[in-house]
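Predicted, not measured: the structure shown is a model, and the values here were computed from it. Chain A is the first sequence line, chain B the second, and so forth, proteins listed ahead of strands; every chain is numbered from 1. All values below were derived from every heavy atom in this structure, side-chain atoms included, with hydrogens, water molecules and symmetry-related copies excluded.
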Number of protein chains: 2
Amino acid sequence: MNDVARLAGVSQTTVSFVLNDVEGANIPPETKDRVLAAVKELDYRPNALARGLRSSQTHTIGFVTDRIAITPYAVRTLEGAQDLAWANGYLLLLVNTGGDQRLKQIAVDMMLERQVDGIIYATMYHRPVKPPANMLEVPAVLINCYTDDHSIASVVPDEVLGGRTAVETLLQKGHRRIGFALDSNPVPAAVGRLVGYKQALAASNIPFDPNLVQTAESIASGGYQATMALMSLPDPPTAIFCYNDRMALGAYNALRDLNLAIPDDIAVIGFDNQELIAADIAPPLTTMALPHYEMGQWGVQYLLQLIENPEQTQQNPPIQHILPCPLIERASV
Amino acid sequence: MNDVARLAGVSQTTVSFVLNDVEGANIPPETKDRVLAAVKELDYRPNALARGLRSSQTHTIGFVTDRIAITPYAVRTLEGAQDLAWANGYLLLLVNTGGDQRLKQIAVDMMLERQVDGIIYATMYHRPVKPPANMLEVPAVLINCYTDDHSIASVVPDEVLGGRTAVETLLQKGHRRIGFALDSNPVPAAVGRLVGYKQALAASNIPFDPNLVQTAESIASGGYQATMALMSLPDPPTAIFCYNDRMALGAYNALRDLNLAIPDDIAVIGFDNQELIAADIAPPLTTMALPHYEMGQWGVQYLLQLIENPEQTQQNPPIQHILPCPLIERASV
DNA sequence: TTGAAAGCGCTAACAG
DNA sequence: CTGTTAGCGCTTTCAA
């Protein structure tokens, strides 16, 4: 910076002023140009460490996650976060802790040492979490998860509405007996989607038949089993709502073994919109999309507000934002 | 740090010495303990910016990528990189530029401003690249890509050996007429796998029949078309090697329409090991895995060597590392 | 064995 | 409008 100042024939302060477009200092365009020319001439690049040290603002935000890869589609959370951060001149410092609580603690410490302006904590599955306490030393928001006491701002998908929309889609096609191949783990997604399933039924005055919800592991083989169980009912369903696309794939396999055509003999709707599966199988799967990208965006967006405008933004109790799951219509319904 | 020094009754220098385990300074254990106690007492956390400013080492590495999400499985590159960085006390600064050359330039600049110790440039598809010039101001390595002049260290998958292994697997099962549903784009993966295909055939003294390689778009519908073309040959193949798992999925769809059973009537082998597809379809797909995770690891590993040991590590010409693609045996062959 | 002191490159009062 | 100056929190030389 001194070199630039010297070359431009001004003081280092002036350089700083033009580089930061400081309000007060009314630098004449002529001087500004001279400085900028010197910057280009010398290929000068400001040192963000020094700047951060002085201004205690690094324009960097920490992104802590349990697993980024398991649900490939969920990586879009990271993408949404990164895109929005980037658009605001922020960079993401990434740590993937793999679920170990102590590692998370350390990860946050490393970020704090690097003076991140805020921290995002994202999970791959929608679930309650206990984030490391030190995380709250800076503004923080949770993505796809929440604390039981809702003490931290968070954004999650609307599982209930998603489940309801899926079932309503089936209802609109005239189906009255709708099976549900559900995850046997009572995770928020499973609980919420079941509530949505019941709501949709109730709204159409269809009594709830517990036989129509079959739980299994939320993978292809589980979808296969649940579908087989459903179809061997004395009065089998004419449509199946699958907890996720992997189970839907299993349902496809089962239905094929049963010689049933989709959607003519039976309709199938999934959840997750894992494009690689959903778009490519035959017939293409109608499914509900999880708003991963949007959650990533919203999380960073809100975090940035928290960072730049703490008192105005922070609500009490902290905001718990819910994003809808859009219906992706393809050909299985 | 001054507070810690005061509380421990030593100078700030001493605190720095014990925190950094400095060789020269022989601090008696007694003093050391006192300092450490004070650190804990005050919940002191060093400021990495100040440290970096002084020592010009941030223990942070920049990770630039074109797309992290398109090929979900490729996100494992990021995971491998992050895991290895983490194991060495480094954090990753992430930017996903989406293919815009100017953005890449800026991304690298932002990283350089933040004084990253090195930069990784990773692509989602194996291909030649022209990385921004400023990237070379710090140690750098390329993952899943390379420059035409091989002027930067890089790591890529062994496409030729992968293709060869896939075909040899088919050969070993007794197949002699092996179709190849190939990407119509002559990308390195397509070119390499075709070379491997030919090598395997030649090694078994099977003449190359150009009719047996059908090119199409490397998605499910392309796989469908290529398979149909292959099967309508006067002398159709008994096995199909698909350029990737998406095409294999299309092949499955086609074969089903043709009422051909896999693997009894015809064998199918894929490439990529996209678990979501490969493991869940019926029958589970035998395929070649791309070493994404390993490339991520190797890239960071090598970069760290470059950073910590520049002259010893840097080879001339820069190392071009090739990692094998392991065969994942399932049930389609 | 420990401490004083000089910066690393920058921002931002404060003065002129 | 521009320059002087005092740090931000740390590492590290040099001296004691």
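- The distance between atom CD of B:Gln115 and atom P of C:dC8, rounded to the nearest whole Å, is 14 Å.
- Contacts between residues 39-56 of chain B and DNA chain C, defined by a heavy-atom separation below 4.0 Å, involve B:Leu53, B:Arg54, listed by number.
- Atoms CG (A:Asn20) and C1' (C:dA12) sit 10 Å apart, rounded to a whole Å.
- Counting non-hydrogen atoms under 4.0 angstrom, B:Asn2 reaches nothing in the nucleic acid.
- Note: CZ (B:Phe17) to P (D:dC10) measures 15 Å, nearest angstrom.
- Residues passing the side-chain contact (heavy atoms from CB on, under 4.5 Å) test with B:Thr58 are A:Leu49, B:Thr60, B:Gln115, B:Asp117, sequence neighbours excluded.
- Across all strands shown, B:Val10 has heavy atoms under 4.0 Å from sugar-phosphate atoms exclusively, and none from any base.
- Here the P atom of nucleotide C:dA12 and the CD atom of A:Gln12 are 12 Å apart, to the nearest Å.
- In this structure, the CG atom of A:Leu19 is 12 Å from the C1' atom of C:dG9, given to the nearest Å.
- When heavy atoms are screened at a 4.0 angstrom cut-off, B:Thr13 is found touching base atoms of the nucleic acid.
- Applying the 4.0 Å criterion to OP1 and OP2 of D:dC10, one finds that B:Ser16 has every side-chain N and O outside that range.
- For the residue pair B:Tyr293/B:Asp83, the side-chain donor-acceptor check at 3.5 Å is satisfied.
- Without hydrogens or angle criteria, A:Gln320 side chain to A:Ile152 main chain gives a donor-acceptor distance under 3.5 Å.
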